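One structure is given below, encoded as structure tokens.
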Amino acid sequence: MNTENQDQDESESFKFFGLGGCNEVGRSCHIIEYKNKVIMLDAGVHPALTGHSSFPFYDEYDLSKVDILLISHFHLDHAASLPYVMQHTTFKGRVFMTHATKAIYRWLLQDFVRVTSIGAGSRAEGSDETSTNLYTDDDIISSFDRIETIDYHSTMEIDGIRFTAYHAGHVLGACMYFVEIGGLKVLFTGDYSREENRHLHAAEVPPTRPDILITESTFGTGTLEPKADLEKRLVQNIHATLTKGGRVLMPVFSLGNAQELLLILDEYWEKNEDLQNISVFFASKLARKCMAVYQTYTSIMNDNIRLSSRIGQKSSPFDFKYIKSIKDLGKFSDMGPSVVVASPGMLQAGVSRQLLEKWAPDPKNLVVMTGYSVEGTMAKDLLNEPHTIKSAVNPDITIPRRINVSEISFAAHVDFQQNSEFIEKVAPSKIILVHGDSVPMGRLKSALLSKYSARKGTEQEVKVFNPKNCEPLKIPIKGLRVAARVLGTLAEEQLHLLKAEIENKVAESNLKIEELDDEENEKMEIGQPKEEGKEDDSKVKEGEDTKTENEDPDAFKTGQLMSGVLVSMDFDLDLLQLQDLHEYTQLSTSIVKSKMSLKINADITLMKWHLEQMFGFINIVNDDEDEWECIIMDMIDLLVDRSKTDSLYITLEWINDNLMSDSMADSVIAILYSIDSSPASVKLSSRSHNHNHDNIEKESTPPTKKSAHANSEISSRIHRISSLLKAQFGDSLNNLEDNKAVITIGKNEAKINYLDLTVDCGSRVLRDRIENIIKRGCGLAAPLSQYQEVYKI
């Protein structure tokens, strides 16, 4: 197993597991795991294999763990085993592909079932191999209904997994996926082309840099001919063959290269009148069905197609003038020269294989291999120009091969230069190579390591991996920084602070400009010329002094500490206030109220005296024959049942919303339990044998109790609070008569009443700030809650 650190925490490691398409071309299927999220990329079959052996190694992985399956495009080696995965395995995840891919998917796989059924039936006659299909049409229809679509450049988020689709070129609907899990960014290219052809965009470079790139390596370090040279060589070879009276066979995938080649041929026939009496046939029932899809999705093609589809021109670029469709090969009149574009591209069976066997003995004929040929297929074998080929119907029959073979590959894949440039642009630190035979893939790995060798051992080091099928790859991921979003009321408060800060700065700047203008005007009046460059320097200097002297320590700025509830959901961090929790998350809040009952041997007057000695003031809310109730520090509700006369039966209630309320409740309980044994209680109660606590209050209450609330004390406390406001707001504070004051900041004005401590202000931010300062001042000006009685807070 490839790994960089065996001791790395499993959840913090990125894991890659190839079920197919690793060190081979075909049956592409890859599993990526990170932070207990699992994504499957593609689900294809191997075109050179048959039956279940053509599938990826699904038995080697528990598919029930897969959260999401992303299909890059509709080609069989990337999508043909999807119905089997969805209908015959433990897979329970969600499947996504682009709209165009889904539109073609159903027709393509139904044709695949039909072709494999024919092949299985022919093999079953003389072999032990089963003739049953890998899946049925019903499986395709059932799986089709569960497939979800994604638009290009749109981002989906499923259970903490974000993924975005980008144009990949290659074929209609093909996309590369940019996946993000818990801050880790992964780009999967699928099959992609960086060269725009006659109908498709070139592959895009995503705007965000991925940490890990999973890319194809089909051509390794090979270099492809420019498209213009390929087209020229193709039409020259075809023209020369037809001139000699020969026939041209072009094996193609039904969808993808076929449409590109038909556009080329239709345009060439338009320009060459001598060829217009020679027919060009397209032999593919599937392509004929799916041509409507191509005509529908011209909006996602390149500018050439979209512009040619405008009103006033032909209805669609795919309404070919010189291309004829073959519906039944039995009715095909094979007389004289012709060109036939036929599927399948690998020549394993079907129309292309039938025509190859029919035309192979004639040296005037030509077969043009226009796509990538997979190892083990007839297309690959034919490139070696064998003397004979075997019949697909009866392998015991050999057919002489005299037909000319030409490889002019229009395979929409990247070569080394294009792949290397793309890798350099996306700039990943880790590269995983897939979709390539072992030799070209190994060469590509060596070339990339050599290219980035200067970075080895540095933080910019680029590592390249080429794992084999079923060979786990584990890549340790260092701690990723994930930013938290500030939401709700907390965000509004910060925006108000920022707005106030901006307004203050603008007002200060305008004031300085006015002062400088007045100063310059005075100079001009007394005949002093303004020195060149002085004005700008003075403005800068004044601005710097202003920032130093008047900068608000509470203003919104980078690095400011914020308090709230930090909620982590699917790797997202949200900071918000408790009251906003339900609105912005799926969480709900509840209030926990504590209740405690106790009995003490004292009366209410003595209990009240002890509580006042500790807290300064208690708010009595009920005092009747049945009950006596008070609230302490706006936190503790104390209820006495007066129906029982032998002792005080007390019930305490408080809300457990913070540590302060619990601590306050503990203090009250401790005071109540200590009343009986308190020396003060003994001293107070010893003056009267009848325990008349009304006398106790009159005789024992300290004379300073009432004087503590005298007007002179209020004046002293108001002075202290005014001093705090003066320290905070400076000259912006203006004390008025009748114990009132006004604070003016910019356009905002706050009116303060020192007696009831109310603040009247249109700016919520400024009002909250003044109220917080006043509350702190009251806490400093009076012990515990005495100020609550005086100022009614």
Side-chain angles (χ1 to χ4, degrees), residues 21 24-28 44-48 72-80 104 108 111-112 115 168-174 190-195 197-200 203 216-220 222-227 229-231 233-235 237-238 248-265 282-284 286-287 290 294 339-353 355-356 366-384 403 405-415 418 435-437 440:
E24 66 175 356
V25 176
R27 59 180 169 192
S28 290
V45 297
H46 200 297
S72 63
H73 62 288
F74 56 69
H75 276 159
L76 297 178
D77 59 328
H78 293 263
I104 293 173
L108 184 69
D111 183 73
F112 173 69
V115 172
H170 193 60
V171 294
L172 180 67
D191 291 353
Y192 78 109
S193 171
R194 286 286 290 162
E195 193 170 5
N197 60 22
R198 289 175 177 261
H199 69 292
L200 294 177
E216 68 150 297
S217 54
T218 311
F219 287 106
T223 301
L224 298 177
E225 289 184 66
K227 281 285 192 296
D229 294 346
L230 287 174
E231 290 186 15
R233 189 153 63 91
L234 173 69
V235 295
N237 285 359
I238 291 174
V248 179
L249 172 63
M250 300 172 63
V252 294
F253 289 111
S254 297
L255 303 165
N257 272 353
Q259 284 67 34
E260 178 74 5
L261 293 170
L262 292 177
L263 288 170
I264 294 171
L265 294 176
F282 187 28
S284 173
L286 172 63
C290 294
Y294 275 77
V339 178
V340 180
V341 180
S343 63
M346 296 299 166
L347 293 168
Q348 292 296 86
V351 175
S352 62
R353 181 61 174 267
L355 290 176
L356 172 67
L366 171 69
V367 56
V368 183
M369 307 307 298
T370 60
Y372 182 82
S373 301
V374 176
E375 289 287 347
T377 63
M378 173 55 69
K380 188 69 173 180
D381 294 341
L382 198 61
L383 292 177
N384 296 323
I403 190 172
V405 180
S406 178
E407 183 180 18
I408 307 176
S409 179
F410 285 81
H413 296 273
V414 288
D415 61 9
Q418 295 163 349
H435 198 280
D437 291 326

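Given the structure is predicted, the values throughout are model-derived calculations rather than measurements. These values consider heavy atoms only, across backbone and side chains, with no hydrogens, waters or symmetry-generated copies.
Proximity of Phe410 to Leu234: side-chain heavy atoms (C-beta onward) are separated by under 4.5 Å at one or more points. Considering only heavy atoms from C-beta on, Leu356 comes within 4.5 Å of Leu382 through its side chain. Contact of the Leu265 side chain with the Met250 side chain is registered, since non-hydrogen atoms from C-beta on lie closer than 4.5 Å. Between Leu347 and Met369, some side-chain heavy-atom pair lies under the 4.5 Å cut-off. Side-chain contact between Ser352 and Ser343 is absent, with no heavy atoms from C-beta onward closer than 4.5 Å.
Between Phe282 and Ala258, the shortest heavy-atom contact is CZ-CB, 3.9 Å. The two residues Leu261 and Val252 make their nearest non-hydrogen contact at CD1-CG1, 3.4 Å. The minimum heavy-atom distance between Gly222 and Asp415, with the atom names listed, is O-CB, 3.2 Å. Across all their heavy atoms, Pro440 and Phe219 have their closest contact at CB-C, 4.3 Å. Summarising the geometry of Ala48 relative to Gln348, their closest heavy-atom pair is CA-NE2, 4.3 Å, with the distance given to 0.1 Å.
Take Ala168 and apply the side-chain contact (heavy atoms from CB on, under 4.5 Å) test, not counting sequence neighbours, and it matches Ala174, Met176, Tyr192. Judged as a salt bridge (charged side-chain N to carboxylate O under 4.0 Å, His left out), and not counting sequence neighbours, Glu260 has no contacts. Take Arg353 and apply the salt bridge (charged side-chain N to carboxylate O under 4.0 Å, His left out) test, not counting sequence neighbours, and it matches Glu357. Legend: residues meeting side-chain hydrogen bond (donor to acceptor under 3.5 Å, both in side chains) with Ser72, ordered by chain and number and at least two apart, are Asp42. Shown here are the side-chain hydrogen bond (donor to acceptor under 3.5 Å, both in side chains) partners of Glu231, two or more places apart in sequence or in another chain: Arg198. Remark: Ala80 pairs with Val45, Leu76, Leu109, Phe112, Tyr135 by the side-chain contact (heavy atoms from CB on, under 4.5 Å) rule, at least two apart or across chains. Residues that satisfy the salt bridge (charged side-chain N to carboxylate O under 4.0 Å, His left out) test with Glu216, not counting sequence neighbours, are absent from this structure. Every residue was checked against the ring pair (Phe, Tyr, Trp, His ring centres under 6.0 Å) condition with His46, not counting sequence neighbours, and none meets it. Residues satisfying the side-chain contact (heavy atoms from CB on, under 4.5 Å) test with Ala283, not counting sequence neighbours, are Ile326, Val340, Ala342, Val351. The side-chain hydrogen bond (donor to acceptor under 3.5 Å, both in side chains) check on Glu225 picks up Arg233, with sequence neighbours excluded.
Distance check, rounded to the nearest 0.5 Å: CG of Leu249 to CG of Leu366 gives 8.5 Å. A distance of 4.5 Å separates CG of Asp77 from NE2 of His435, quoted to the nearest 0.5 Å. Of the inter-residue distances, the one linking Lys227 atom NZ with Glu195 atom CD reads 4.5 Å to the nearest 0.5 angstrom. Expressed to the nearest 0.5 Å, how far CD1 of Ile104 lies from CZ of Phe74 amounts to 4.0 Å.
With His170 contributing its side chain and Ala412 its backbone, the two residues share a donor-acceptor pair below 3.5 Å. Without hydrogens or angle criteria, Ser406 side chain to Val368 main chain gives no donor-acceptor distance under 3.5 Å.
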task = Check the pair Asp191, His75 against side-chain hydrogen bond (donor to acceptor under 3.5 Å, both in side chains), reporting the backbone distance first and the verdict last.
result = CA-CA 10 Å; Asp191 291 353; His75 276 159; 4.9 Å; no

Can you list, pair by pair, the side-chain donor-acceptor contacts under 3.5 Å of residues 370-381, counting residues two or more places apart and other chains?
residue : atom : partner : partner atom : Å
Thr370  : OG1  : Pro251  : O            : 3.2
Tyr372  : OH   : Asp437  : OD2          : 3.0
Thr377  : OG1  : Val374  : O            : 2.6
Thr377  : OG1  : Lys380  : N            : 3.4

